[in-house]
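Accompanying notes for the structure given below.
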Number of protein chains: 2
Amino acid sequence: MSTDEIPSVWTRPRRSREQPALSRRQIVAEAVRLLDAEGLDALTMRRLGTRLEAGATSLYRHVANRDELIELVVDEVYGEIDIPDTDPADWRGAATTCAHSIRSMILRHPWIASVLGQVGLSYLGPNVMRLNERMMAMLDEAGFPPAEAGPAISTVVAFVIGTGLNEAAWLTMLARSGQTEQDWYRRFGPSLGQAMEPFPHLRAHFGANADQEPTRRREENFAYGLARVLDGLSPRRT
Amino acid sequence: MSTDEIPSVWTRPRRSREQPALSRRQIVAEAVRLLDAEGLDALTMRRLGTRLEAGATSLYRHVANRDELIELVVDEVYGEIDIPDTDPADWRGAATTCAHSIRSMILRHPWIASVLGQVGLSYLGPNVMRLNERMMAMLDEAGFPPAEAGPAISTVVAFVIGTGLNEAAWLTMLARSGQTEQDWYRRFGPSLGQAMEPFPHLRAHFGANADQEPTRRREENFAYGLARVLDGLSPRRT
DNA sequence: CCGTCGTGCGTACGTTGTTCGCATGGACGG
DNA sequence: CCGTCCATGCGAACAACGTACGCACGACGG
């Protein structure tokens with residue numbers, strides 16, 4: 001007779017089978033969308049729940065906690081990286097396209113920079129394992145000495161991640177303040193000039209390569225560094 | 001007459017001039033200690049306040065945000081990195097010791113891995129600027145073409161940061177679960193073997209260089225990668 | 001027909017960052 | 001010497017967070 005039961009009866013008879021309700025894949029996919037749209041701070045259990053038209057705590061039936069969700073999300077975006085299987089002769093070309101693929105993944109999901117330090121590069125997500133396997137196969141078939149294949153991969157991945165981290169953090173900061181790159185330089189150019197005043201070498205190099213558009217310049221710097229890293233790795237072959 | 005005033009009178013007549021009370025430097029220093037001891041999650045305004053024998057909200061008189069505090073803390077530990085000014089002939093040796101100095105800073109403060117993605121590598125903290133200036137001077141005097149000095153520094157720094165990020169995240173994860181490296185492998189060895197089962201190349205390389213102690217192996221992998229990166233940069237010198 | 005199970009969710013608790021306004025006591029002008 | 005001001009510390013309060021708990025419901029196996 002208590003009216004307690006009425007609301008639950010009325011508000012939620014909407015249990016229908018056409019709606020698969022909630023699933024782990026759905027949750028992870030929507031989390032990626034939310035992260036892409038609004039960044040890491042916006043990834044709240046409540047907000048994610050609302051986006052899925054579900055209660056916040058419903059997510060816990062499919063995901064242990066927020067940390068596990070983040071690990072799943074990271075592995076998910078690692079899955080976007082694909083490595084073409086090319087002929088062993090062109091291991092350098094394959095490594096180059098692989099590196100670019102990783103970098104563009106990072107730039108597509110800049111929030112990953114805020115998260116990489118918490119999950120590390122090496123855990124056991126299926127997509128990460130597959131990526132490592134492919135890279136390992138690449139260097140094996142190219143004839144790298146077995147003892148060096150691992151360190152070589154770590155080296156180029158460390159470079160790619162380090163560069164991507166830097167760029168992603170910069171872009172995230174810009175996005176959070178709602179500014180474009182030009183806005184920022186116009187706004188903080190003076191302060192920056194003042195901060196660089198005691199540093200002659202920095203002043204001298206400031207504005208180098210400034211003729212290109214920022215995005216293009218970042219790409220070329222990345223390509224340059226990657227080429228140098230692969231140069232260093234090259235002569236060790238066989 | 002109300003007893004409201006009594007506690008404040010009794011509990012806090014301890015305003016004495018010998019105690020400089022609170023200062024920005026003190027706060028940052030204590031924050032570093034807290035971070036080193038208990039990691040990023042433990043850096044709470046209340047806990048930090050208590051450690052300084054102060055109220056939590058007192059910190060806001062000297063620091064705008066938690067975010068600003070973190071930026072200050074990052075610049076603080078960047079200050080621990082020193083670059084010896086060596087002769088221009090041995091730029092490679094100088095770069096090597098500089099890279100090792102950065103890496104050991106990261107390993108001394110592993111929490112920085114969780115934070116690097118939020119502040120980026122390039123902001124305008126004085127210590128960071130000084131570090132960049134020194135590295136720039138190093139390569140300038142070594143005769144690097146001006147257009148390449150910047151990208152070259154970015155390359156080696158990206159490698160060092162990437163590697164350090166990876167190692168720091170791994171160590172943080174171990175520390176948080178209170179395990180040693182051997183513990184972890186004993187505990188998750190089977191799961192790991194199972195996860196690697198579909199990946200022949202990973203299986204083949206697993207356990208390579210396993211004869212050395214983990215710390216030593218990480219050091220050697222880092223030295224190897226750094227040497228290769230510098231190899232790649234070397235021939236570009238005029 | 002009845003128990004059991006998987007799943008969604010309302011409620012609630014403890015903790016966090018941060019704001020606000022008050023209290024305090026030294027500095028300083030008269 | 002006194003009154004005023006200002007920098008600083010802090011208690012209380014608030015919104016938002018992650019998450020534990022327990023109940024409700026539909027499906028299903030006996």
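Numbers restart at 1 for each chain; the letters A, B, ... are given by sequence-line order, proteins then strands. A quick note: this is a predicted structure, and the numbers were derived from the prediction, not measured.
At distances below 3.5 Å, at least one donor-acceptor pair connects side-chain atoms of T163(A) with backbone N or O atoms of F159(A).
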Run M136(B) and F199(A) through side chain to side chain contact (heavy atoms under 4.5 Å, CB included) and show every step you take. CA-CA 10 Å; M136(B) 208 59 112; F199(A) 303 114; over 6 Å; no
Steps toward side chain to side chain contact (heavy atoms under 4.5 Å, CB included) verdict (R217(B), E220(B)): CA-CA 5 Å; R217(B) 183 187 38 191; E220(B) 297 205 348; 5.8 Å; no
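With rounding to whole Å, M45(B) atom CE is found 13 Å from dC10(D) atom P. Atom CD1 of I27(A) is separated from atom C1' of dG8(C) by 11 Å (rounded to the nearest Å). One can place CG of L59(A) at 12 Å from P of dG10(C), the figure rounded to the nearest angstrom. Distance, L22(A) CG to dC25(D) P: 20 Å, rounded to whole Å. Atom-to-atom, CD of E68(A) to P of dG18(D) comes out at 15 Å; the value is rounded to the nearest Å. For the pair R47(B) CZ and dT16(C) P, the interatomic distance rounds to 8 Å; values are reported in whole Å. For R61(A) and dG18(D), the CZ to P distance is 18 Å, given to the nearest whole Å. Straight-line distance from the NE2 atom of H62(A) to the C1' atom of dT7(C): 7 Å, rounded to whole Å.
Counting any heavy atom pair closer than 4.0 Å across all strands shown, L43(B) reaches sugar-phosphate atoms only and no base atom. The residue A54(B) sits close only to the backbone: its heavy atoms come under 4.0 Å of sugar-phosphate atoms, none of a base. Here L48(B) lies out of heavy-atom contact (under 4.0 Å) with every strand.
Applying the 4.0 Å criterion to OP1 and OP2 of dC9(C), one finds that S58(A) has a side-chain N or O inside that range.
No side-chain donor-acceptor contact under 3.5 Å links E38(A) and W111(A).
Put simply, the side chain of T57(B) and the base of dG9(D) share no donor and acceptor less than 3.5 Å apart. One donor-acceptor pair, N or O on each side, does fall under 3.5 Å between the base of dG17(C) and the side chain of R46(B). Scanning atom types as modelled, no donor and acceptor separated by under 3.5 angstrom connect the side chain of R66(B) and the base of dG17(C).
Closest contact between the side chain of Y60(A) and the listed nucleotides dG18(D), dG8(C), dG9(D) involves dG18(D).
Within 6.0 Å of atom CZ in R108(B), more than 12 heavy atoms from other residues, nucleotides or ligands are found, so the atom counts as buried in its surroundings.
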